[in-house]
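Take a look at the structure below.
Basis for what follows: all heavy atoms, side chains included, without hydrogens, waters or symmetry-related copies.
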Amino acid sequence: MFEIAFLFTAGFAAGLLNAVAGGGTFLSLPALLYAGIPPISANATATLSALPGYLGSAWAFRRDIHPEGSLKLTVIIGVASVGSVLGALLLVVTPGEAFLWIVPWFLMIATVLFAVGPALLRWMRIRGMGNPGAFFSIFAIICVSIYGGYFNGGLGIMLLATFGLLGYENLHGMNGLKNLLSVILSLVSALTFITAGLIAWEQALIMAASAALGGYAGARVSLKIVRTDLLHHFVTTVGTIMTLAFFLR
């Protein structure tokens, strides 16, 4: 009963954090590791369990999903799907110890990109580089999608950082598109993990149910935030804390 309550709470908190800022997998992944799930299987299970939360968040943000860059939404979704398959296949062949070593470095990169994104974007615009073309946009999205397919942790932070570098300005719109792409990436990669037999189903079902509740609740809270600059600082703080926690584990 304690393990069920623990996993349910971790799933709800992860869904809440994913909707507001991203990085919820850094709560669900340690919980699954604590429950005795091997690292690769724990990451695959965390990806699947996050999916209902992403769905709830995307539904809550459905009126705010408006691409601002040079790519249409259908192109973004198609590119993201290809990248997520590549990332998921890469995870399947990665040894467990190597995966645990890579995790904090990925999150550190995502946090730094998100933290400097607005300043870098202003610098680019001053020099006439404010709106990257389609080729660079496709390259950036496929890179972040490979990351998302390989490791779901910090995906929201990485997606927001990527959108900022591609010229996006509306943080609520960025959050909406982040949640939609998180659904696509998690669904495609989860199907790959299911095929490979990596899902711990009992734990996944518990966390998926609570993540759905947390994802919808978090999205409703996020939509009411007026000071988006404070949201930006919150995302950066979450990423920094989680990075340090995994480096020091």
Side-chain angles (χ1 to χ4, degrees), residues 1-57 87-88 90-111 147-158 182 185-187 189-190 192-194 196-218 234-235 237-249:
M1 288 301 297
F2 172 78
E3 182 175 311
I4 292 174
F6 178 69
L7 291 174
F8 188 90
T9 302
F12 181 86
L16 188 73
L17 185 58
N18 276 333
V20 175
T25 301
F26 283 87
L27 300 178
S28 58
L29 179 59
L32 289 165
L33 292 172
Y34 176 79
I37 308 301
I40 299 297
S41 180
N43 182 64
T45 302
T47 299
L48 178 62
S49 65
L51 181 56
Y54 289 140
L55 283 168
S57 301
L90 183 61
L91 176 69
V92 170
V93 298
T94 300
E97 287 302 316
F99 171 75
L100 288 177
W101 182 86
I102 291 170
V103 165
W105 294 100
F106 272 161
L107 185 59
M108 183 181 70
I109 293 170
T111 303
Y147 169 92
Y150 182 83
F151 177 57
N152 198 261
L155 175 59
I157 296 172
M158 185 69 86
S182 294
L185 293 172
S186 298
L187 177 61
S189 56
T192 305
F193 298 147
I194 291 171
L198 293 176
I199 305 297
W201 284 104
E202 182 179 345
Q203 291 81 0
L205 292 175
I206 294 170
M207 299 191 79
S210 59
L213 297 174
Y216 187 78
F234 175 73
V235 173
T237 301
V238 169
T240 301
I241 292 172
M242 297 304 172
T243 299
L244 291 174
F246 268 75
F247 268 118
L248 297 174
R249 64 177 296 277

Work out which heavy atom in A217 is nearest to a heavy atom in L16; give both atom names and the distance. C-CD1, 4.0 Å
To the nearest 0.5 Å, what is the distance between CD1 on I4 and OG1 on T9? 11.5 Å
Identify the heavy atoms of N43 and L29 that sit nearest to each other, and give their distance. N-CD1, 3.6 Å
What are the two closest heavy atoms between I37 and A42, and how far apart are they? CG2-N, 3.5 Å
Any side-chain heavy-atom pair from Y34 and L7 closer than 4.5 angstrom? no
Minimal non-hydrogen separation, L198 against A44, with atom names: CB-CB, 3.8 Å
For F151 and I102: C-alpha separation, side-chain torsions, deciding distance, then whether side chain to side chain contact (heavy atoms under 4.5 Å, CB included) applies. CA-CA 10 Å; F151 177 57; I102 291 170; over 6 Å; no
Measure from the side-chain N and O atoms of S28 to the backbone N and O of A46, and report whether any donor-acceptor pair falls under 3.5 Å. no
Taken to the nearest 0.5 Å, the spacing of F99 CZ from T94 OG1 works out to 8.5 Å
Kindly compute the distance separating OG (S210) from CZ (F12), expressed to the nearest 0.5 Å. 8.5 Å
Pairwise side-chain contact, F193 with L91, heavy-atom cut-off 4.5 Å (strictly under): yes
Matching residue for I199 among L48, L205, T47 - test: side chain to side chain contact (heavy atoms under 4.5 Å, CB included): L48
Which atom pair, heavy atoms only, marks the closest approach of A204 to T45? CB-CG2, 3.6 Å
Closest non-hydrogen atom pair between S186 and S189, with its separation: O-OG, 3.3 Å
Under the side chain to side chain contact (heavy atoms under 4.5 Å, CB included) rule, what do Y147 and L185 come out as? Steps first, then yes or no, please. CA-CA 10 Å; Y147 169 92; L185 293 172; over 6 Å; no
